[in-house]
Amino acid sequence: MRKLQMVDLGSQYQKIKNDIDDAIQGVVDSSAFINGPEVKNFQTELESYLNVKHVIPCGNGTDALQIALMALDLKPGDEVITADFTFAATVEVIHLLGLKSVLVDVDYDTFLIDTEAIKKAITPRTKAIIPVHLFGQVANMDEINKIAKEHNLFVIEDTAQAIGADFKGQKAGTIGTIGTTSFFPSKNLGCYGDGGAIFTNDDALAHKMRGIVNHGMYQRYYHDEIGVNSRLDSMQAAILRVKLPHLDAYNKARRKAADFYNEAFYEVPEILTPIKADDTTHVYHQYTLRITNGKRDELKEFLESKGIPAMIYYPVPLRKQKAYDTGNYKDSDFPNTNKLIEEVISLPMHTELDQEQLEFIKQSVWEFFSGYKG
Ligand SMILES: *Cc1c(COP(=O)(O)O)cnc(C)c1O
């Protein structure tokens, strides 16, 4: 059996090796390392795939979030609502810009931001909502856009984990004011280094963000905005151009592995398998179980002893991270996040899982739980 990994980029590369090698060699031969034609071509191809007017490539998914927020002209102390249960990048950029993060609970079944909690968190200072399309499915964008419209708020969709997912036929990241994504190697559409992109249908915002990614320049050496230097390298763009046509097949392969896991674990009484939210497809950036008998950490150790990696995404909610702990939150406002950090465990999930590997993972999880049933 091939060695089990959370993500198997090596095996994926072997299948597209010739195309990737040619793409890399092409960039080297052209010497167009920065802002070369590969970047523009990738931009156009991604616009077409997502059916969005503007894609702005940038350096990584964290920059994408920061640039999106910079474009909205928020004032220090303005409030941005986002999920407590997510990767720290989302909240980090809010604080970097002097804004105030307002963290809210997520839904226990879908891990997605709780729209009722959003409503309760709105104050006169609220300016934006950042729903995170966590683990590969899309937050309830109908409800979020409705709340945003009522209160005149911007919506930035953090699509780092859900590129290619649909919500009622629209691509994740193209439904709010702005969408952002990451091409970190292990994401569903990953390059071979850092990369990211911003999406919008708003011409004025797109223009502004194209300047911000490039030192606020719209005309060379004239700086109209305070910007950053955040570029997608030509080499990464060339690699992404090879991989984009495979994205749907990659997401399908993830879904197939998830279907196997769902079937395998559905009837184990101590396990809750992932629940699909309404109106969204799921691209399973992560396959995350909830272990309800308090033995999550023991399961993780057991699996690791058999050579099966497993990860806890995420062990600490953002409101309890040292960097962001304001002491202003009440535990009772986060019943779901509080449970999830104790229960979640993510199994290997990638495009190259084969039947033998899946079967071995299934048998191992079963072995662990039958041990407890006695
Ligand atoms: C990966 C990720 C990011 C950050 O992307 P980078 O390219 O690593 O900066 C932001 N938000 C979420 C939800 C992510 O999973």
Side-chain angles (χ1 to χ4, degrees), residues 6-7 9 42 46 55-70 80-97 101 103-104 106-107 110-113 128-139 141 144 155-165 172-173 176 178-199 213 228-233 235-237 239-240 243 251 254 277 280 282-288 311-318 321 323-324 337 340-341 344 346 349-350:
M6 285 304 287
V7 176
L9 295 173
F42 173 63
L46 189 58
V55 165
I56 299 115
C58 65
N60 57 66
T62 309
D63 281 0
L65 284 162
Q66 179 178 331
I67 293 156
L69 281 170
M70 286 170 80
V80 179
I81 297 174
T82 192
D84 187 34
F85 185 70
T86 178
F87 181 58
T90 324
V91 74
E92 182 175 63
V93 296
I94 297 173
H95 289 257
L96 274 174
L97 297 175
S101 66
L103 301 169
V104 301
V106 295
D107 181 75
T110 63
F111 315 125
L112 297 169
I113 194 163
I129 309 169
I130 308 185
V132 181
H133 300 323
L134 201 72
F135 299 158
Q137 58 182 345
V138 185
M141 288 304 297
I144 291 166
V155 177
I156 300 175
E157 302 175 68
D158 184 344
T159 314
Q161 301 191 3
I163 192 151
I178 302 175
T180 65
T181 203
S182 163
F183 304 122
F184 187 83
S186 64
K187 306 282 167 150
N188 291 37
L189 178 62
C191 58
Y192 289 4
D194 277 308
I198 309 161
F199 323 133
V213 298
V228 293
N229 170 17
S230 184
R231 291 183 283 242
L232 181 68
D233 289 343
M235 195 88 84
Q236 302 306 342
I239 289 163
L240 288 164
K243 291 185 73 175
N251 283 340
R254 288 172 178 274
T280 167
H282 203 322
V283 295
Y284 291 100
H285 177 62
Q286 298 296 345
Y287 183 85
T288 304
M311 295 289 286
I312 311 304
Y313 303 119
Y314 297 93
V316 182
L318 293 180
Q321 297 285 357
Y324 306 110
T337 298
L340 290 173
I341 56 164
V344 288
S346 298
M349 173 50 73
H350 54 79

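We count ligands from 1, going down the list as the structure has it; atoms in each ligand are counted the same way. Small disclaimer: the values here were computed from a predicted structure and weren't measured.
- The protein non-hydrogen atom at the shortest distance from atom 2 (C) of ligand 1 is Lys187 NZ, 2.6 Å.
- Ring-centre distance between Tyr313 and Tyr287: not below the 6.0 Å cut-off.
- Heavy atoms only, all atoms of each residue included: Ile113 and Ala139 are closest at CG2-CB, 4.2 Å.
- With a heavy-atom cut-off of 4.0 Å, Val132 touches ligand 1 through its side chain alone.
- Note on ligand 1: His285 sits outside its first shell, no heavy atom being nearer than 4.0 Å.
- At under 3.5 Å, not a single nitrogen or oxygen of Leu134, backbone or side chain, sits near a nitrogen or oxygen of ligand 1.
- When all heavy atoms of Gln66 and Val93 are compared, the closest pair comes out as CB-CG1, 3.8 Å.
- When each atom of ligand 1 is checked for a heavy atom of Ala89 under 4.0 Å away, the hits are 4 (C), 10 (C).
- Looking from atom 9 (O) of ligand 1 to the surrounding protein, the closest heavy atom is Thr62 OG1, 2.5 Å.
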ring-ring contact (aromatic ring centres under 6.0 Å, His included) between Tyr314 and Phe111, worked out = CA-CA 11 Å; Tyr314 297 93; Phe111 315 125; over 10 Å; no
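- The shortest heavy-atom contact between Thr280 and Val138 is OG1-N, 3.0 Å.
- Interface atoms of ligand 1 facing Asn60, defined by a heavy-atom separation under 4.0 Å, are 7 (O), 9 (O).
- Residue contact check for ligand 1: Asp194 places no non-hydrogen atom closer than 4.0 Å to it.
- Side-chain polar atoms of Gln161 and His133 form no donor-acceptor pair below 3.5 angstrom.
- Inspection of the Thr288 and Ser346 side chains reveals an N or O donor paired with an N or O acceptor under 3.5 Å.
- Only the side chain of Asp158 comes within 4.0 Å of ligand 1, counting heavy atoms alone; its backbone N, CA, C and O stay farther away.
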